[in-house]
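For reference, the structure is listed below as structure tokens.
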There are 2 protein chains.
Amino acid sequence: MPGSSAVRPVPVPELADRLGYLFKHAHSRLSDLTTAALAPLGINGRQLAVLLVIAKEPPGSQLEIATRMALDRTTMVSLVDELEREGLVERSPDPADRRRNVVALTSRGRETTWKAAALAGQAEKTFLEPLSERDADVVKRSLRSLAFPGS
Amino acid sequence: MPGSSAVRPVPVPELADRLGYLFKHAHSRLSDLTTAALAPLGINGRQLAVLLVIAKEPPGSQLEIATRMALDRTTMVSLVDELEREGLVERSPDPADRRRNVVALTSRGRETTWKAAALAGQAEKTFLEPLSERDADVVKRSLRSLAFPGS
DNA sequence: TATTGTTATACTCTATAACTATA
DNA sequence: TATAGTTATAGAGTATAACAATA
């Protein structure tokens, strides 16, 4: 995230109550922690999300992965480009419909996925450290309703 | 926010537990609501934040405002440009130190600030509707610790 | 020398429009 | 005609570097 390197001062009182401001900075802090945690593996949080989606229900086309992540298919192109360059995934045309590119994890991709998931989990734990276990649970549960009110 | 117009599907289970993913989409939803609420006034959430900081402890230099918002001073230039173009704030050189631009609210700016604060508050209320009052309180309080762990 | 505002530039993440190849 | 992937392009929000005016 650009801006993550910005100073993060104690909030001025007139903004400390604005949810948008708090969300921005909380997310930014989590982003910093996750980025740092994943750096040794050469990937970032967005790329881990792609890996997780592929790992869960392989193999999918680029469009399927994009839809499952609520991203545009043009954004997915460069994301898969990066992962392919790192040797973590492989594209291959779907024999049944040669317009589609099926994206599959390589064995190195599989290994990276579980390592990265563990590191990202650690980063989340660090992020939540300022909260009691109870409050952290409420936050995690609430965040889901706030992000996806229908579900 | 670019991406706010993206489909916001029910989260795929493999991402529903990732805090980064939830933060991104929760923030995006709040952003949509706030932007829509403020649209009649011709300003956005970032601009409201600037107005609030100035309103609270006027008048400040651009650098002071930027620091209090944890933004770069180069970013503040265009933000103040926009608000000045709308006739909501006025720049004037500080007589005591002519390097500094003091930014002050116009009377229209003051009026817009309290109208906007009310509308943004409404948007936050709508945003929090999926939660019980109790959980909403925990979230608001926790967000502050998560964003600014030192304070 | 150091600081404030400014400009020029660039980077990240995202989207829309238009192209290619398939269907 | 419609769809999947791609490319070119653009826009929002942010930063760094360098410059002018002022201290």
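Values below: every heavy atom of this structure, side chains too, minus hydrogens, waters and symmetry copies. Chain letters run A, B, ... following the sequence lines, proteins first, then strands; residues in each count from 1.
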Distance check needed: [N] [atom2] versus [X] [atom1], whole Å only.
X: A/N44; N: C/dT14; atom1: CG; atom2: C1'; result: 14 Å
X: B/R100; N: C/dG5; atom1: CZ; atom2: C1'; result: 12 Å
X: B/M76; N: D/dT16; atom1: CE; atom2: C1'; result: 17 Å
X: B/D32; N: C/dT14; atom1: CG; atom2: P; result: 14 Å
X: B/Q62; N: C/dT3; atom1: CD; atom2: P; result: 18 Å
X: A/H25; N: D/dG13; atom1: NE2; atom2: C1'; result: 13 Å
X: A/E64; N: D/dA4; atom1: CD; atom2: C1'; result: 11 Å
X: B/I65; N: C/dT4; atom1: CD1; atom2: C1'; result: 13 Å

The side chain of [X] is closest to which nucleotide in this list: [options]?
X: B/R99; options: C/dT6, D/dT6, D/dA23; answer: D/dA23
X: A/R98; options: C/dT14, D/dT16, C/dT22; answer: C/dT22
X: A/V77; options: C/dG5, D/dT22, D/dG5; answer: D/dG5
X: A/D72; options: C/dT16, C/dT14, D/dT14; answer: C/dT16
X: A/R46; options: D/dT16, C/dC13, D/dT14; answer: C/dC13

>> Just to be sure I understand the rule, does A/D94 reach a base, reach only the sugar-phosphate, or reach nothing, if contact means heavy atoms closer than 4.0 Å?
In response: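 It contacts nothing in the nucleic acid.
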> If you look at every strand shown and take non-hydrogen atoms under 4.0 Å, does B/N101 touch a base, only sugar-phosphate, or nothing?
Replying inline: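 If one applies the 4.0 Å heavy-atom cut-off, B/N101 turns out to touch the sugar-phosphate alone, with no base involved.
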Taking 4.0 Å as the cut-off, does a side-chain nitrogen or oxygen of [X] come that near to OP1 or OP2 on [N]?
X: B/T74; N: C/dG5; value: no
X: A/R73; N: C/dA17; value: no
X: A/K24; N: D/dT14; value: yes

> Between A/E82 and A/P95, who's closer to the 5' end of DNA chain C by nearest nucleotide?
Replying inline: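 Its nucleotide being nearer the 5' end, the pick is A/E82.
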> Any donor and acceptor pair, going by atom type alone, linking the side chain of A/T34 with main-chain N or O of A/L30 inside 3.5 Å?
Replying inline: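 Pair found, side chain donor or acceptor close to backbone of A/L30.
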> With no hydrogens and no angle check, do the side chains of B/R91 and B/Q62 hold a donor and an acceptor under 3.5 Å apart?
Replying inline: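 Judged by distance alone, the side chains do pair up.
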> Starting at the 5' end of DNA chain D and moving along, which residue's nearest nucleotide shows up first, A/L63 or B/L79?
Replying inline: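 Comparing both residues, the 5'-ward one is A/L63.
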> Where does the angle between the aromatic ring planes of B/H25 and A/F148 fall among parallel (under 30°), tilted (30 to 60°) and perpendicular (over 60°)?
Replying inline: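 B/H25 vs A/F148 ring planes: tilted.
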> Between A/L79, A/T106, A/V50, A/I54, which is the residue that forms a side chain to side chain contact (heavy atoms under 4.5 Å, CB included) with A/V89?
Replying inline: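 Among the candidates, only A/I54 passes.
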> Among A/L83, A/L51, A/L88, which one satisfies side chain to side chain contact (heavy atoms under 4.5 Å, CB included) with A/L105?
Replying inline: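 Of A/L83, A/L51, A/L88, side chain to side chain contact (heavy atoms under 4.5 Å, CB included) with A/L105 is met by A/L51 alone.
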